[in-house]
Amino acid sequence: WPKPPTFSWSNRLWLTWTLTRETSWLGVPLKIEDDIIGSMAVVNYNIPGVYSKKDIRLMEFVSEQVATAIERKRNEESLRQSRLEFSHLFQYSPEALVYVDQSGYILDINFRFSELFGFTKEELLGKNIDQGFIHPAEMQEHAKKMTKMAANKPIKFESIRKKKDGSLFPALISASPLWFDENTRRIVCLYQDISNQKKIEETIRNNEEKFASLFRSNPLAAVYHDTKGIILDINPKFTELFGYTLNEIEGKNIDDINFYPHNKIDEGSSLTKKAQYSGLIKYETNRRKKDGTIIPVHISTSQVKINDELQGIIALYQDITEQKQNEKLNQVLYHISRAANSQIGLTELYSIIHRELNHVIDAKNFYIALLDTKSEQLNFVYAFDEKETNFSSEYLTYKNTLTGYLLKKGTSLILNYHDICDLIYKGDVKNPGEMTEDICWLSVPLKIKDKIIGSMTVQNYYNPESYKEKDIKLMEIVSD
């Protein structure tokens, strides 16, 4: 007999055994219904023909039990992970959140809710949110009505809410239903304290005759025009936000300074006219800067009267870019949490995370890698890269890689081409992967409590300024 052969699997993992003349091998597939998920085998090196058809039937019977047990454990782990991800997304949201059942009984609150209202979780769990502890007495019936509406469709409204110490504040409230099945619903409610915005509006209404000093020092961009729309004055914040100086636009009609995006020209002209007949207008829309940049704004207009005679209009513009980004982020977190609590598999969940992340950050090139500390390898459970189209998701060693450097540091990183070259020069990185001179690489660690279990990464090959510090915060929120 020649030297027994050596059998191997893949170029990284080896399985070696010796073949003898007396070898008997019996293997059966592990199946869940018609899907093969693996195999189970026994081998005897000393007795040829030791296994019979009876043994095959026995192994097949046992394999059914083993496959069922494996599938159950997988499902339990998937459910546990989904619940953990939802909990992190919920607890670390930048806005105050409360999670209630369809009847309004509180199931959970996040840290920001406790901070805003002053209640601890232990004080509220199991209580009905409409009992009055966060509502003024005159608002209770309205609150109950809104809870019923929120159990069926998303709602958004302004109201007054009460803190634990009895103080009242204006709130912007958003609520959306979560459907688990036809009979089981949950509601996620978001509360934003809009006290500052309301104070500004109240100040304008109560101090119209003293508007000059208020106008100049107003923290919002302000323009003052006559009843025909001719610009009389702007404040420094207006110049800072939109780029126009008073010399450039004084005496011109606000409808004629290229202030409106193309699709908002008719809307802008209509608002100019409407402001002459309405005491207070509040509106969200888009406006154009001098350099052509389009930004979302919240507009508040009020009439300036002297002796009850209309003199002109003051319009305040608040840049709500960050607010819109937060709303979009909250929507992304909501979609991810809803997917995490559904019956989909991990592969589809990773795909949804990628798709949703693309709404708030450049995630064209994206991967999730999980760490195996025993083998010092990474499992790329999800990867999408425009350059590395043949990228293998097999286990890869993380030593001397950018991901390995991130895991070693334990903190989020933004790196450009020069940063990566510097790491290579210092010997911290030897295998950076695909690179261009304009690359921008952003990665954050995935953590369970204080333990790093992997990383989540985005990168852009063509814009070295693709990611900023704010994108790190965003990625860290999603990674949690």
Side-chain angles (χ1 to χ4, degrees), residues 10-12 78 81-82 84-86 88-89 325 328-329 331-372 377-398 400-407 412-417 419-420 429 431-447 452-468 470-480:
S10 88
N11 60 346
R12 291 182 177 84
S78 176
Q81 185 65 25
S82 296
L84 185 61
E85 290 172 353
F86 174 78
H88 276 274
L89 292 171
Q325 290 173 341
K328 187 178 291 186
L329 175 59
Q331 192 70 9
V332 166
L333 295 176
Y334 167 71
H335 288 159
I336 292 175
S337 67
R338 184 173 63 179
N341 283 277
S342 68
Q343 299 301 313
I344 63 174
L346 285 176
T347 300
E348 187 176 354
L349 176 61
Y350 296 144
S351 180
I352 290 173
I353 292 172
H354 182 197
R355 184 186 68 210
E356 291 298 326
L357 197 58
N358 247 321
H359 292 310
V360 291
I361 195 174
D362 178 6
K364 183 176 183 180
N365 303 294
F366 171 77
Y367 65 79
I368 297 175
L370 300 183
L371 173 64
D372 186 335
Q377 291 181 328
L378 290 171
N379 180 15
F380 289 82
V381 295
Y382 185 88
F384 190 94
D385 192 282
E386 62 185 304
K387 285 188 171 290
E388 296 187 57
T389 54
N390 295 320
F391 184 84
S392 173
S393 63
E394 294 179 344
Y395 283 84
L396 301 174
T397 180
Y398 65 81
N400 301 319
T401 65
L402 289 176
T403 302
Y405 180 75
L406 170 88
L407 297 176
S412 304
L413 292 174
I414 295 179
L415 301 174
N416 59 27
Y417 176 80
D419 297 327
I420 297 172
V429 172
N431 178 21
E434 186 71 29
M435 285 178 57
T436 67
E437 291 187 355
D438 294 320
I439 192 171
C440 190
W441 184 88
L442 166 58
S443 187
V444 297
L446 297 174
K447 295 181 179 181
I452 296 177
I453 64 169
S455 67
M456 185 170 69
T457 305
V458 293
Q459 58 185 352
N460 185 299
Y461 290 107
Y462 307 108
N463 182 4
E465 303 295 327
S466 295
Y467 308 117
K468 306 294 183 183
K470 64 180 180 63
D471 296 314
I472 289 182
K473 299 295 185 184
L474 185 150
M475 286 280 283
E476 287 176 343
I477 290 174
V478 175
S479 72
D480 284 338

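Treat the numbers as computed from the prediction; the structure is a model and nothing was measured. Values below: every heavy atom of this structure, side chains too, minus hydrogens, waters and symmetry copies.
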Checklist entry - Do V478 and M475 come close enough that some side-chain heavy atom pair is under 4.5 Å? => result no

Item to check | Step-by-step side-chain hydrogen bond (donor to acceptor under 3.5 Å, both in side chains) determination, N365 to E386 | outcome: CA-CA 6 Å; N365 303 294; E386 62 185 304; 2.8 Å; yes

Checklist entry - Are the side chains of D385 and Y367 in touch, meaning some heavy atoms are under 4.5 Å apart? => result no

Checklist entry - Is there side-chain contact between L446 and L370, with at least one heavy-atom pair below 4.5 Å? => result yes

Item to check | Pairwise distance OH(Y461) to NZ(K364) - rounded to 0.5 angstrom | outcome: 10.5 Å

Checklist entry - Could you walk me through whether V429 and N400 pass the side-chain contact (heavy atoms from CB on, under 4.5 Å) check? => result CA-CA 4 Å; V429 172; N400 301 319; 5.9 Å; no

Checklist entry - Counting N and O atoms only, with roles assigned by atom type, does the side chain of Y462 sit under 3.5 Å from a partner on the main chain of T436, one being a donor and the other an acceptor? => result no

Checklist entry - Aromatic rings H354 and F366: how do their planes relate, parallel, tilted or perpendicular, breaks at 30° and 60°? => result parallel

Checklist entry - Distance from I368 atom CD1 to F384 atom CZ, nearest 0.5 Å? => result 14.0 Å

Item to check | Residue pair S412 / P445, side-chain heavy-atom distance below 4.5 Å | outcome: yes

Checklist entry - Does any non-hydrogen side-chain atom of L329 lie less than 4.5 Å from one of Q325? => result no

Checklist entry - Can you tell if the side chain of W441 reaches within under 4.5 Å of the side chain of L406, non-hydrogen atoms only? => result yes

Next on the checklist: Please evaluate residues E434 and I439 with respect to the criterion side-chain contact (heavy atoms from CB on, under 4.5 Å), reporting the C-alpha separation (whole Å), side-chain torsions for both, the decisive distance (0.1 Å), and the verdict.
Outcome noted: CA-CA 9 Å; E434 186 71 29; I439 192 171; over 6 Å; no

Item to check | Residue pair D362 / N463, side-chain heavy-atom distance below 4.5 Å | outcome: no

Checklist outcome for this item: Between V444 and I472, the two heavy atoms sitting closest are CG1-O, 4.4 Å

Next on the checklist: Strictly distance-based, threshold 3.5 Å: is any side-chain N or O of D438 a donor or acceptor partner for the main-chain N or O of P464?
Outcome noted: no

Checklist outcome for this item: Sorted by chain and residue number, the salt bridge (charged side-chain N to carboxylate O under 4.0 Å, His left out) partners of K468 (sequence neighbours excluded) come out as E465

Item to check | Minimum side-chain heavy-atom gap V360-L474 below 4.5 Å | outcome: yes

Next on the checklist: So, applying side-chain contact (heavy atoms from CB on, under 4.5 Å) with L442, which one of I414, T457, L413 is it?
Outcome noted: I414

